[in-house]
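Only this structure's heavy atoms are used, side chains among them; waters, hydrogens and symmetry mates stay out.
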Amino acid sequence: MALVQPFRLTSLRTISKTIRVNILLWATSFVVVFPVWVYSKVIQFKDGLESCAFDLTTPNDVLWYTLYLTITTFFFPLPLIVACYILILCYTWEMYHQNKTAGRYNNSLPRQRVLRLTKMVLVLVGVFIVSTAPYHVIQIVNLQISQPTIIFYVSYYCSICLSYASSGINPFLYVLLSGNFRKRLSECTKTKMKISERELNNFDNTLKSSF
């Protein structure tokens with residue numbers, strides 16, 4: 001709402017409503033992580049080592065926890081992310097067509113910006129799906145496997161690393177896909193090339209004067 005309708009929804013941008021929204025988010029987070037607190041216990045292994053882990057003793061516990069984890073971390077945030085990005089893109093393209101019809105600016109440059117934003121959204125959503133979907137697919141497949149193989153364990157741990165890598169990749173995607181970064185990078189490259197040519201010319205002049 002802050003990006004799409006920043007001026008029409010000024011009535012919602014108050015301190016009291018901000019506090020209410022934050023309290024609601026904290027309450028929702030508490031409800032979402034509550035099953036983790038319930039199933040987390042200190043488990044003692046045969047060698048005497050103790051560790052905090054999920055105490056999923058029955059197949060029903062494993063089933064319900066897997067479904068809970070998949071829904072709360074993939075199937076719920078994915079439609080929310082897609083819906084928010086769709087609203088942003090629809091508003092951006094609508095404003096582009098309105099300004100194009102009114103002839104307020106050059107048609108080529110704004111279209112490039114809108115296309116760049118659309119490409120960025122598609123890349124971000126694609127990276128989220130590619131990085132998080134394998135982990136949840138393996139979790140669901142794990143419900144049907146009685147004796148996991150080595151390939152399954154390798155795929156499982158790789159999917160965990162891939163799911164965590166999504167958070168680290170996103171900031172770099174924002175930077176790399178933005179037009180300002182490409183523009184500044186090209187300017188820096190041109191500046192270095194000019195400096196290098198100037199240094200070569202000075203070096204040649206120095207050699208000529210010395211002889």
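- Counting heavy atoms from C-beta outward, Tyr135 and Phe74 have side chains that stay 4.5 Å or more apart.
- With rounding to the nearest 0.5 angstrom, the CD1 atom of Ile169 is 11.0 Å from the CG atom of Leu124.
- Heavy-atom neighbours of Phe76 CZ from other residues, nucleotides or ligands within 6.0 Å: at or below the threshold of 12.
- Closest heavy-atom contact between Pro134 and Ser159: C-CB, 4.1 Å.
- In this structure, Leu25 belongs to a hydrophobic cluster whose other members, linked by side-chain heavy atoms under 4.5 Å apart, are Val21.
- Not counting sequence neighbours, the partners of Thr118 by the side chain to side chain donor-acceptor pair (under 3.5 Å) test are Trp93.
- Residue Phe75 holds its CZ atom at 9.5 Å from CG of Leu67, rounded to the nearest 0.5 Å.
- When every heavy atom of Leu162 is checked against every heavy atom of Val130, the shortest pair comes out as CD2-O, 3.5 Å.
- The cluster map of Ile, Leu, Val, Met, Phe, Trp and Tyr, joined by side-chain heavy atoms under 4.5 Å apart, puts Val82 and Leu89 in the same cluster.
- For CG of Leu80, the number of neighbouring non-hydrogen atoms (other residues, nucleotides, ligands) closer than 6.0 Å is greater than 12.
- Between atom CD1 of residue Ile151 and atom SG of residue Cys158 there is a gap of 12.0 Å, rounded to the nearest 0.5 Å.
- Of the possible polar contacts, one joining the Asn22 side chain to the Thr18 backbone as a donor-acceptor pair under 3.5 Å is found.
- Cluster membership for Val137 and Ile140, using ILVMFWY side-chain heavy atoms within less than 4.5 angstrom, is not shared.
- Between Phe30 and Phe34, the angle of the ring planes lies from 30° to 60°, which puts this pair in the tilted group.
- Contact of the Thr66 side chain with the Asn142 side chain is not registered, since no non-hydrogen atoms from C-beta on lie closer than 4.5 Å.
- Rounding to the nearest 0.5 angstrom, the gap separating the CG atom in Leu87 from the OH atom in Tyr91 is 12.0 Å.
- Leu122 and Val127 fall into different hydrophobic clusters, where Ile, Leu, Val, Met, Phe, Trp and Tyr residues are linked whenever their side-chain heavy atoms come under 4.5 Å apart, directly or through other members.
- Residues Tyr65 and Tyr68 bring their aromatic ring centres within 6.0 Å.
- Contact check for Ile81 versus Phe128: side-chain heavy atoms found under the 4.5 Å cut-off.
- At a threshold of 4.5 Å between non-hydrogen side-chain atoms, the residues Phe152 and Thr149 count as touching.
- In this structure, the separation between OH on Tyr156 and SG on Cys161 is 10.5 Å, given to the nearest 0.5 Å.
- Residues Leu63 and Leu143 meet the side-chain proximity criterion, which asks for heavy atoms closer than 4.5 Å.
- No side-chain heavy atom of Val33 sits less than 4.5 Å from a side-chain heavy atom of Ser29.
- Considering all non-hydrogen atoms of both residues, Thr73 and His136 come closest at OG1-CE1, 2.8 Å.
- How far CE of Met120 is from CD1 of Ile88: 11.0 Å, rounded to the nearest 0.5 Å.
- Across all non-hydrogen atoms, the minimal contact from Pro77 to Thr72 is CD-O, 3.5 Å.
- Residue Ile19 is found in a hydrophobic cluster whose other members, listed by chain and number, are Ile15, Ile23; membership requires side-chain heavy atoms under 4.5 Å apart, directly or through intermediates.
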